[in-house]
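As a basis for the values below, the full set of heavy atoms in this structure was taken, side chains included, without hydrogen atoms, waters or symmetry mates. We're numbering straight along the sequence, starting at 1. Since we're looking at a predicted model, the values are computed, not measured.
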Amino acid sequence: MRAEVRAFVVEQLADMNYDVEGLDDDTTLGPSGVDLESLALADLSVRVEDRYGVTFADDESEQLALMTVGEFTTMVAKRVAEATSDPV
């Protein structure tokens, strides 16, 4: 699942016109990395929410900006796994 999420995130970053060449799991989403600003982070979050059915709290945006691509994709994959394993 993590590899699928990572591929989706990279695809969305490219679609948002960010340079994904050389992007690796240690690249931060915010400053000195991909350099996503708050609106771009919100856009990426919404795309991930729409695709995987996970949600991010409004107060998580600062935390997301400090995450690396690897940390973000691991978190999303974990939330997807938790959501699909919860009994309804």
Side-chain angles (χ1 to χ4, degrees):
M1 172 56 66
R2 185 182 176 287
E4 176 189 329
V5 172
R6 187 185 188 289
F8 178 80
V9 168
V10 171
E11 178 183 305
Q12 296 312 301
L13 290 171
D15 185 59
M16 294 163 61
N17 296 318
Y18 283 91
D19 182 13
V20 295
E21 179 117 9
L23 190 76
D24 63 23
D25 282 352
D26 294 328
T27 305
T28 59
L29 293 172
S32 73
V34 179
D35 204 21
L36 296 179
E37 295 184 8
S38 58
L39 284 176
L41 266 171
D43 186 11
L44 179 62
S45 297
V46 167
R47 291 174 186 224
V48 169
E49 288 175 350
D50 289 347
R51 172 66 177 88
Y52 293 103
V54 298
T55 57
F56 299 100
D58 292 339
D59 61 350
E60 284 186 294
S61 59
E62 284 184 34
Q63 178 185 357
L64 295 179
L66 299 175
M67 288 184 156
T68 64
V69 171
E71 291 168 339
F72 180 71
T73 56
T74 298
M75 179 190 69
V76 172
K78 183 177 178 182
R79 288 185 184 189
V80 170
E82 289 171 354
T84 57
S85 67
D86 284 345
V88 178

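- Under a hydrophobic-cluster definition in which Ile, Leu, Val, Met, Phe, Trp and Tyr are linked whenever side-chain heavy atoms come within less than 4.5 Å, directly or via other members, Met16 and Val5 are assigned to the same cluster.
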(Q) Please determine whether side-chain contact (heavy atoms from CB on, under 4.5 Å) holds for the pair Gln63 and Glu71, giving the CA-CA distance in whole Å, both sets of side-chain angles, and the decisive distance to 0.1 Å. (A) CA-CA 11 Å; Gln63 178 185 357; Glu71 291 168 339; over 6 Å; no
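- Between Gly70 and Arg2, the closest heavy-atom pair is CA-NH2, 3.3 Å.
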(Q) With side-chain contact (heavy atoms from CB on, under 4.5 Å) as the criterion, how do Met67 and Leu64 come out once you've worked through the C-alpha distance, each side chain's angles and the decisive distance to 0.1 Å? (A) CA-CA 5 Å; Met67 288 184 156; Leu64 295 179; 3.9 Å; yes
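- For the pair Ala40 and Leu36, the tightest heavy-atom approach, listed with the atom from each and the gap, is CB-CD2, 3.9 Å.
- Of the possible donor and acceptor atoms, one in the side chain of Thr68 sits under 3.5 Å from a partner among the backbone N and O of Asp25.
- Checking Leu23, Asp19, Thr28 one by one against Val34, the side chain to side chain contact (heavy atoms under 4.5 Å, CB included) holds for a single residue, Leu23.
- Between Tyr52 and Phe8, the ring planes are perpendicular. Angles over 60° get that label, and only those under 30° would be called parallel.
- Closest non-hydrogen pair, Pro31 versus Ala65, comes out as CD-O, 4.4 Å.
- Note: Asp35 CG to Glu37 CD = 6.5 Å, rounded to the nearest 0.5 Å.
- Remark: Thr55 engages Glu49 in a side-chain contact (heavy atoms from CB on, under 4.5 Å) (not counting sequence neighbours).
- Using a distance-only test at 3.5 Å, with no hydrogens or angles considered, no donor-acceptor pair links the side chain of Asp43 to the main chain of Val46.
- Contacts of Glu60 classified as salt bridge (Lys or Arg N to Asp or Glu O under 4.0 Å), with partners at least two apart in sequence or in another chain: Arg79.
- The number of heavy atoms from other shown groups lying within 6.0 Å of CG (Asp24) is above 12.
- Remark: Asp15 pairs with Arg47 by the salt bridge (Lys or Arg N to Asp or Glu O under 4.0 Å) rule, at least two apart or across chains.
- Grouping the Ile, Leu, Val, Met, Phe, Trp and Tyr side chains by contacts below 4.5 angstrom, directly or via other members, places Val48 apart from Leu66.
- Between Val20 and the options Val69, Thr27, Val10, a side chain to side chain contact (heavy atoms under 4.5 Å, CB included) holds for only Val10.
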